[in-house]
Amino acid sequence: MRKYVALLRGINVGGHARITMKDLRELFGALGFDEVQTYLQSGNVVFADPAGTAPGEVRERIEKRLADGLGVPASVLLRTGESLDRTVAANPYLDREDDPAKLHVTFLAGTPAAERAAALRTPAGETAEFALLGDEIHLHVPGGYGRTKLNNAFIERRLGITATTRNWNTVKALHRMAS
């Protein structure tokens with residue numbers, strides 16, 4: 001039985017697209033998923049799929065049910081426990097940053113086109129740095145994520161792909177839950 005982590009884009013942020021975690025767990029249970037757990041109030045769901053459904057179909061089912069059942073059109077980015085193993089192991093900033101609040105991962109809905117990836121640059125005057133590794137971007141934000149220009153909107157505009165960001169403590173917690 002494959003374990004997934006669903007990262008919902010744009011819910012419970014700034015007072016809109018509100019979903020309680022209880023409703024979210026019930027929605028995932030109604031879709032036939034097992035071992036449903038949520039983490040924090042920002043749309044992180046760990047679950048098992050006993051049917052072994054293809055990831056694309058799992059994502060589509062969740063997005064449809066969110067829109068139809070809860071009236072919340074949200075993008076869902078899926079990761080497996082195994083992919084989070086790679087995410088945690090690949091962070092290039094762990095050896096030089098002790099404060100996990102300054103480390104983030106931006107998860108992408110897919111691997112960006114090569115020409116867009118090659119053109120992604122840190123904005124002028126920005127202290128943050130990034131490493132694009134396949135379908136995720138590791139961020140080191142010494143000034144804090146709330147102040148960086150390397151946010152979801154910037155990354156989505158530059159890469160033309162849906163993105164959602166989680167802080168390092170959340171990434172590690174989701175990894176533990178999915179293992």
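Excluded from the calculations below are hydrogen atoms, water molecules and symmetry mates; all remaining heavy atoms, backbone and side chain alike, are included. Numbers here are sequence positions counted from 1.
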### Query
So which heavy atom on Phe107 is nearest to which on Arg79, and how close?
CD2-NE, 3.5 Å
### Query
Just how far is it from atom CZ of Arg61 to atom CZ of Phe33, taken to the nearest 0.5 Å?
4.5 Å
### Query
Which residues satisfy the side-chain contact (heavy atoms from CB on, under 4.5 Å) test with Arg65, sequence neighbours excluded?
Leu27, Ala30, Leu31
### Task
Begin with the C-alpha distance, continue with both residues' side-chain angles, and end with the deciding distance and a verdict on side-chain contact (heavy atoms from CB on, under 4.5 Å) for Thr122 and Leu150.
CA-CA 7 Å; Thr122 303; Leu150 282 169; 4.3 Å; yes
### Query
Considering all heavy atoms of both residues, which atom of Leu120 and which atom of Phe130 are nearest to each other, and what is their separation?
O-CZ, 3.4 Å
### Task
For the residue pair Val76 and Leu78, establish whether any side-chain heavy-atom pair is separated by less than 4.5 Å.
yes
### Query
Less than 4.5 Å apart, any side-chain heavy atom of Tyr39 and any of Val46?
no
### Message
If hydrophobic clusters are built by linking Ile, Leu, Val, Met, Phe, Trp and Tyr wherever their side-chain heavy atoms come under 4.5 Å apart, do Val72 and Phe47 end up in the same one?
### Response
yes
### Task
Assess whether atom NZ of Lys149 is packed by more than 12 heavy atoms of other residues, nucleotides or ligands within 6.0 Å.
yes
## Note on the structure
Heavy-atom closest pair (Pro100 atom, Trp168 atom, distance to 0.1 Å) is O-CB, 3.6 Å
### Trace of the side-chain contact (heavy atoms from CB on, under 4.5 Å) decision for Arg116 with Arg158
CA-CA 7 Å; Arg116 285 193 162 209; Arg158 295 301 190 276; over 6 Å; no
### Query
Checking side-chain hydrogen bond (donor to acceptor under 3.5 Å, both in side chains) for the pair Asp135/Thr111: CA distance, chi angles, key distance, verdict?
CA-CA 4 Å; Asp135 62 355; Thr111 303; 5.3 Å; no
### Task
Among Leu159, Leu133, Thr162, find the residue that satisfies the side-chain contact (heavy atoms from CB on, under 4.5 Å) test when tested with Leu108.
Leu159
### Summary
Taken to the nearest 0.5 Å, the spacing of Leu8 CG from Thr164 OG1 works out to 8.5 Å
### Summary
Rounding to 0.5 Å, atoms CG (Leu132) and OG1 (Thr106) come to a distance of 10.0 Å
### Message
Closer than 4.0 angstrom, basic N to acidic O: yes or no for Lys22 and Glu26?
### Response
yes
### Query
Can Ile137 and Ile155 be said to form a side-chain contact (heavy atoms from CB on, under 4.5 Å), step by step?
CA-CA 9 Å; Ile137 298 173; Ile155 290 168; 3.7 Å; yes
### Query
Are Leu66 and Ile19 close enough that some pair of their side-chain heavy atoms sits under 4.5 Å apart?
yes
### Task
Check Asp68 against Lys64 and note the closest heavy-atom contact, atom names and distance.
OD2-NZ, 2.5 Å
### Message
As an exercise, state the distance from CZ of Arg147 to OG1 of Thr127, rounded to the nearest 0.5 Å.
### Response
9.5 Å
### Atom pair CD (Gln37) and CD (Glu35), whose distance is rounded to the nearest 0.5 Å
7.5 Å
### Query
Any side-chain donor paired with an acceptor under 3.5 Å for Glu136 and Thr87?
yes
### Task
Treating Ile, Leu, Val, Met, Phe, Trp and Tyr as nodes and any side-chain heavy-atom pair under 4.5 angstrom as an edge, say whether Val36 and Tyr4 lie in one connected cluster.
yes
#### Entry: Interatomic spacing from NE2 in His175 to OG in Ser83 - rounded to 0.5 Å
9.0 Å
### Query
Any side-chain heavy-atom pair from Thr80 and Arg2 closer than 4.5 angstrom?
yes
### Task
Heavy atoms only: give me the nearest Ala74-Arg9 pair and the separation to one decimal.
CB-O, 3.9 Å
#### Entry: Cluster link Leu94 to Leu84, ILVMFWY, side chain under 4.5 Å
yes
## Note on the structure
Which of His140, His138, His104 passes ring-ring contact (aromatic ring centres under 6.0 Å, His included) with Tyr93? It is His140
#### Entry: Residue pair Leu174 / Leu7, side-chain heavy-atom distance below 4.5 Å
yes
### Query
Just wondering, are more than 12 heavy atoms of other shown residues or ligands nearer than 6.0 Å to CG in Asp95?
yes
### Message
Thr148 vs Glu126, test: side-chain hydrogen bond (donor to acceptor under 3.5 Å, both in side chains). Steps then yes/no.
### Response
CA-CA 7 Å; Thr148 187; Glu126 177 66 61; 3.0 Å; yes
### Query
Counting only N and O atoms by type, is there a donor-acceptor contact under 3.5 Å from the side chain of Thr170 to the main-chain atoms of Arg166?
no
#### Entry: Which atom of Leu77 lies closest to which atom of Ala109, heavy atoms considered
CD2-N, 3.4 Å
### Query
Less than 4.0 Å between a side-chain N and a carboxylate O, is that true for Arg59 and Glu63?
yes
#### Entry: Joint cluster assignment, Val5 & Leu40, ILVMFWY side-chain distance < 4.5 Å
yes
### Message
Hydrophobic clustering (ILVMFWY, side-chain heavy atoms < 4.5 Å, transitive) - are Val45 and Met177 grouped together?
### Response
no
### Salt bridge flag under 4.0 Å for residues Glu129 and Arg96
yes
